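Convention: sequence-line order gives letters A, B, ...; per-chain numbering from 1. Predicted model, so just to flag it, every value in this text is computed and none were measured. Worth knowing before you read on, the calculation uses all heavy atoms, side chains too, and leaves out hydrogens, waters and symmetry mates.
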Amino acid sequence: GAVVSQHPSWVICKSGTSVKIECRSLDFQATTMFWYRQFPKQSLMLMATSNEGSKATYEQGVEKDKFLINHASLTLSTLTVTSAHPEDSSFYICSALGPWGANTGELFFGEGSRLTVL
Amino acid sequence: GNSVTQMEGPVTLSEEAFLTINCTYTATGYPSLFWYVQYPGEGLQLLLKATKADDKGSNKGFEATYRKETTSFHLEKGSVQVSDSAVYFCALRGGTSYGKLTFGQGTILTVHP
């Protein structure tokens, strides 16, 4: 099946620094990837849609200058949390539209990356 | 807007017990409904789905029926196993954007031998 992998799975950083999280589709090309954020005991919230070769589309209320998304290749999307603060601490999850694309609309999810900002 | 409400967990069962995890939703139009499962250390995986009213999704012994009259999509399994221990998420997708899933808060299921 289609596999999506995130790295790192866990990161701790100091306030004010930037952190990059990678999302890779390992065995298929993903023209569209999605980034979610999950707070403890809460549901996943869609942050943005990432399309290969174009600018990401952000959901209302998500700061695009804070959460930089780059989808430079068909197998890699990155989320950079810039000038991170403790309130950015969260679980970030990516997903990719599967190899059958819009035909099935099935999404494949990464394992998630837990960010802790001190 | 769209919303999904799941029964709060955690849910703890003995092996071979019957499982129900309730899920109700609020949405305009005719959303598609999903159950995702997340095993420890892994990403979310699609467990089953239903795209229209009265459809029944099923997989690995789990079932859920799309009930428009009660706006529900409850997950059931007749006999759970220890390997079913995981977090279960109910979700809906409205419109045509495949990534715009609205998730419930997740329900932790633990099955004891």
Walk me through whether A:Phe39 and A:Met45 qualify under side chain to side chain contact (heavy atoms under 4.5 Å, CB included). CA-CA 9 Å; A:Phe39 292 101; A:Met45 302 296 294; 5.7 Å; no
B:Gln45 versus chain A, the contacting section by heavy-atom distance below 4.5 Å: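 Neither part.
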For B:Leu46, is it the side chain, the backbone, both, or neither that has a heavy atom closer than 4.5 Å to a heavy atom of chain A?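 Just its side chain gets close to chain A.
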Transitively linked via ILVMFWY side-chain contacts under 4.5 Å: B:Leu101 with A:Val62?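 No, B:Leu101 and A:Val62 fall in different hydrophobic clusters.
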At a 4.5 Å cut-off on heavy atoms, which part of A:Gln6 comes close to chain B: side chain, backbone, both, or neither? neither
Measure up the B:Trp35 and B:Phe73 rings against each other and bin them: parallel (under 30°), tilted (30 to 60°), perpendicular (over 60°).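 Parallel, since the angle between the ring planes stays under 30°.
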Please work out whether the ring planes of A:Phe109 and B:Phe103 are parallel, tilted or perpendicular, with thresholds of 30° and 60°.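 A:Phe109 and B:Phe103: perpendicular rings.
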